[in-house]
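Side chains included, hydrogens not; waters and symmetry mates left out as well; all remaining heavy atoms used.
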Amino acid sequence: MKGFEKYKKSYFMPPVECYDWVKKDSIEKAPVWCSVDLRDGNQALIEPMSLEQKVEFFKMLVKIGFKEIEVGFPAASETEFNFLRTLIDRNLIPDDVTVQVLTQAREHIIRKTFEAVDGAPNAIVHVYNSTSVAQREQVFRKSKEEIKKIAVDGAKLLKELAAEVKGNIRFEYSPESFHGTEVDYAVEVCNAVLDVWQPTSDAKAIINIPSTVENAMPHVFASQIEYVSKNLKYRDNVVLSLHPHNDRGTGVATAELGVLAGADRLEGTLFGNGERTGNLDIVTTAMNLHSHGVDSELDFSNMQEIADTYERLTQMQVSMRQPYAGELVFTAFSGSHQDAISKGMAYREAGHDEYWTVPYLPIDPKDVGRTYDSDVIRINSQSGKGGVAYVLKQNFGIILPDKMREEVGYLMKGVSDHEHAELEPAEMLQIFRDNYRPKDKKFTISECHFKQEGEGIIATVTIAEGDKKTVVEAHGNGRLNAVSRAIRKHFDIVYHVAEYEEHSLSRNSSAEAICYVGITDENDNLTWGVGTNDDIIRASIEALVNAVNKFLK
């Protein structure tokens with residue numbers, strides 16, 4: 001592909017090696033989460049949310065468990081300003097939730113921002129200016145010292161105005177376009193801002209490092225963040241925050257490695273919505289922690305409701321393959337995957353493993369409100385016997401005999417392949433019934449009586465063929481054997497009852513029984529029939545009759 005020649009690496013490595021993060025293999029606790037859905041996410045929508053929609057979204061974020069929520073850029077428009085005032089004036093901000101507002105490091109914008117935030121019980125005023133080489137040279141045409149002065153002057157004004165408004169105000173600073181900024185210079189600017197704020201343990205400052213346009217591999221960003229973390233002044237009183245974007249498709253990796261490298265806090269959005277390719281996907285990042293046994297401190301146990309609300313309010317869509325949240329992310333169509341999941345679930349149900357280790361499922365779908373019955377294994381032409389057996393068992397209590405599974409699997413695959421469609425559980429049940437309990441029969445047994453004779457049983461069997469009924473008597477070593485001999489005698493055929501299994505369709509003592517009978521011909525070809533009845537003898541006879549009817553056809 002032509003055109004690659006015009007590009008070069010546009011990021012800066014730290015002036016010294018920073019690779020301590022490589023020695024860590026996991027994140028041990030959740031970072032501080034800050035949702036920026038209502039600012040960064042909202043500004044990226046084709047049709048931004050209305051005030052009432054933003055209020056509903058805010059309430060959802062609170063319910064999920066976010067303690068810090070960026071609510072807008074109040075100096076940018078009246079809608080943004082009014083939304084923040086609505087939250088404050090309606091007392092919609094819980095005491096343990098901090099709202100965050102964004103402002104450029106420009107005096108009139110900062111002053112307007114403080115008008116909006118006045119009276120908020122807890123607020124973060126987030127000021128930023130761009131520090132990259134490209135922005136310095138092409139946009140602002142200013143020197144490093146001049147750019148640093150913009151940041152320092154903004155920090156001074158924040159401190160001055162915070163003393164004049166009601167509410168607990170904290171400060172945050174971002175060197176925008178960090179990836180294109182010399183790392184040591186970015187730290188120099190951040191430290192100059194911190195010198196103004198003089199953060200303490202009771203009034204910590206936030207230094208936020210944004211990958212405004214993601215242009216470096218995640219391990220590069222991790223090394224940059226480690227350098228920042230090690231060289232910030234007042235480090236114990238600074239919350240090091242990250243705001244990853246997803247231009248390279250590695251926003252989650254950037255965030256995770258950044259936390260390993262020393263970051264304390266992450267800004268992002270639900271499902272990664274944001275400008276261009278989006279922001280950090282907080283759902284994925286939080287659920288990744290969950291899958292490693294770390295409490296994310298966010299509640300996604302009703303993932304579908306969250307996704308539905310998100311789609312309705314933003315008019316965005318959650319992809320079917322979105323990690324943890326997509327419709328198909330826990331679904332196996334492949335036969336080998338289905339077989340492994342089915343066996344893994346059985347292994348777990350038997351109590352063999354304390355921890356979640358089911359093959360192909362990184363987490364228990366129930367954790368996010370999904371069900372095994374309809375979500376995990378779904379049937380199409382790629383499915384196998386294990387998956388088909390699992391769906392029939394989970395949905396209808398039908399436990400197929402091992403020797404029957406392959407035949408039923410091919411039966412379902414054949415129908416799916418012919419129709420070019422996935423099979424719903426109800427469709428599968430109907431196919432199963434039509435094939436193994438067919439209504440169109442050559443004969444039925446309308447009546448059957450037994451009596452004991454010695455060590456055997458004599459069966460008096462009424463065989464009905466249309467309107468014609470014939471009474472046949474036969475001797476066997478059991479009821480089913482005696483009925484089978486009566487059938488063979490009547491039709492003058494040869495077969496053998498080779499397989500027989502039975503079980504209750506539920507754990508209820510009065511539940512219906514289901515029987516599976518397999519008969520073989522002289523060439524050992526196996527034909528199956530199924531019967532159900534409250535009475536196990538009647539169920540077994542029905543199964544035999546259905547098998548023989550298939551055999552006669």
So, do [X] and [Y] sit near enough that their side-chain heavy atoms are less than 4.5 Å apart?
| X | Y | answer |
| --- | --- | --- |
| Glu422 | Ser416 | no |
| Asp281 | Thr269 | no |
| Asp184 | Val187 | no |
| Glu182 | Lys144 | yes |
| Asn42 | Asp37 | no |
| Phe300 | His290 | no |
| Phe83 | Arg85 | no |
| Met428 | Asn395 | no |

For residues [X] and [Y], is any side-chain donor paired with an opposing acceptor at under 3.5 Å?
| X | Y | value |
| --- | --- | --- |
| Thr277 | Asn246 | no |
| Thr200 | Asp202 | no |
| Thr250 | Glu214 | yes |
| Gln43 | Glu275 | yes |
| Asn129 | Tyr173 | yes |
| Glu267 | Gln100 | yes |
| Tyr19 | Glu226 | no |
| Asn288 | Tyr324 | yes |

Is [X] reaching over with its side chain to a backbone N or O of [Y], donor-acceptor style, under 3.5 angstrom?
| X | Y | result |
| --- | --- | --- |
| Lys24 | Leu260 | yes |
| Ser26 | Glu28 | no |
| Lys67 | Trp33 | no |
| Glu80 | Glu78 | no |
| Gln104 | Ile109 | no |
| Asn231 | Tyr227 | yes |

Inspect the contact between [Y] and [X] and indicate whether a charged nitrogen and a carboxylate oxygen are less than 4.0 angstrom apart.
| X | Y | result |
| --- | --- | --- |
| Glu107 | Arg111 | yes |
| Lys148 | Glu145 | yes |
| Asp299 | Lys63 | no |
| Arg265 | Glu172 | yes |

Begin from the C-alpha positions of Glu176 and Thr131 and carry the test side-chain contact (heavy atoms from CB on, under 4.5 Å) through to its verdict. CA-CA 6 Å; Glu176 191 196 11; Thr131 57; over 6 Å; no
Dump the intermediate steps for side-chain contact (heavy atoms from CB on, under 4.5 Å) on Arg312 and Thr309, then the final yes or no. CA-CA 5 Å; Arg312 174 171 55 81; Thr309 303; 3.8 Å; yes
Which heavy atom of [X] sits nearest a heavy atom of [Y], and at what distance?
| X | Y | value |
| --- | --- | --- |
| Pro244 | Ser211 | CA-OG, 3.0 Å |
| Thr113 | Pro74 | CG2-CG, 4.0 Å |
| Ala261 | Ala222 | CB-O, 3.1 Å |
| Gly41 | Asn279 | N-ND2, 4.4 Å |
| Ile27 | Val294 | O-CG2, 3.4 Å |
| Ala120 | Val99 | CB-CG2, 4.2 Å |

So, taking the atom named [atom1] in [X] and the one named [atom2] in [Y], what distance separates them when rounded to the nearest 0.5 Å?
| X | Y | atom1 | atom2 | answer |
| --- | --- | --- | --- | --- |
| Asn237 | Trp197 | CG | CH2 | 14.0 Å |
| Glu188 | Ile147 | CD | CD1 | 12.5 Å |
| Phe271 | Thr284 | CZ | OG1 | 8.5 Å |
| Leu313 | Met49 | CG | CE | 6.5 Å |
| Glu70 | Leu61 | CD | CG | 12.0 Å |
| Asp236 | Ser201 | CG | OG | 9.5 Å |

Near [X] [atom1], under 6.0 Å, is it more than 12 heavy atoms from other residues, nucleotides or ligands?
| X | atom1 | value |
| --- | --- | --- |
| Gln317 | CD | no |
| Lys230 | NZ | yes |
| Met13 | CE | yes |

Run Asn273 and Tyr310 through side-chain contact (heavy atoms from CB on, under 4.5 Å) and show every step you take. CA-CA 10 Å; Asn273 177 41; Tyr310 166 85; 3.3 Å; yes
Any chance you could lay out the side-chain contact (heavy atoms from CB on, under 4.5 Å) test for Leu45 and Gln315, step after step, and finish with the verdict? CA-CA 8 Å; Leu45 299 177; Gln315 300 181 49; over 6 Å; no
Given Asn208, which of Cys34, Pro175, Ser241 fulfils the side-chain contact (heavy atoms from CB on, under 4.5 Å) condition?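 When side-chain contact (heavy atoms from CB on, under 4.5 Å) is applied between Asn208 and each of Cys34, Pro175, Ser241, only Ser241 qualifies.
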Salt bridge (Lys or Arg N to Asp or Glu O under 4.0 Å) partners of Asp95, counting only residues at least two apart: none
Is it possible for you to check whether Arg136 lies under 6.0 Å from the centre of the six-membered ring of Tyr185, through NZ or CZ, and within 45° of that ring's axis?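 Positive - Arg136 is close enough to the ring of Tyr185 and near enough to its axis.
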I'd like to know whether Asp264 forms a salt bridge (charged side-chain N to carboxylate O under 4.0 Å, His left out) with Arg235, so could you lay out the CA-CA distance, the side-chain angles of the two residues, the decisive distance to 0.1 Å, and finally the verdict. CA-CA 11 Å; Asp264 311 300; Arg235 183 64 183 91; 3.2 Å; yes
Please test His243 against Ser174 for side chain to side chain donor-acceptor pair (under 3.5 Å), starting from the C-alpha separation and ending with a verdict. CA-CA 9 Å; His243 185 113; Ser174 289; over 6 Å; no
Atom pairs and distances, donor-acceptor, side-chain atoms in residues 164-171, under 3.5 Å, two or more places apart:
unit_1, atom_1, unit_2, atom_2, d
Asn168, ND2, Asn122, OD1, 3.2
Arg170, NH1, Glu68, OE2, 3.3

Check: Phe221 ring centroid to His179 ring centroid under 6.0 Å: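 Yes, ring centres under 6.0 Å apart.
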Take Tyr234 and Gln198 through the side chain to side chain donor-acceptor pair (under 3.5 Å) test and state the conclusion after the steps. CA-CA 8 Å; Tyr234 316 95; Gln198 297 286 313; 3.0 Å; yes
Identify, with sequence neighbours excluded, every residue that meets side chain to side chain contact (heavy atoms under 4.5 Å, CB included) alongside Thr357. Asp353
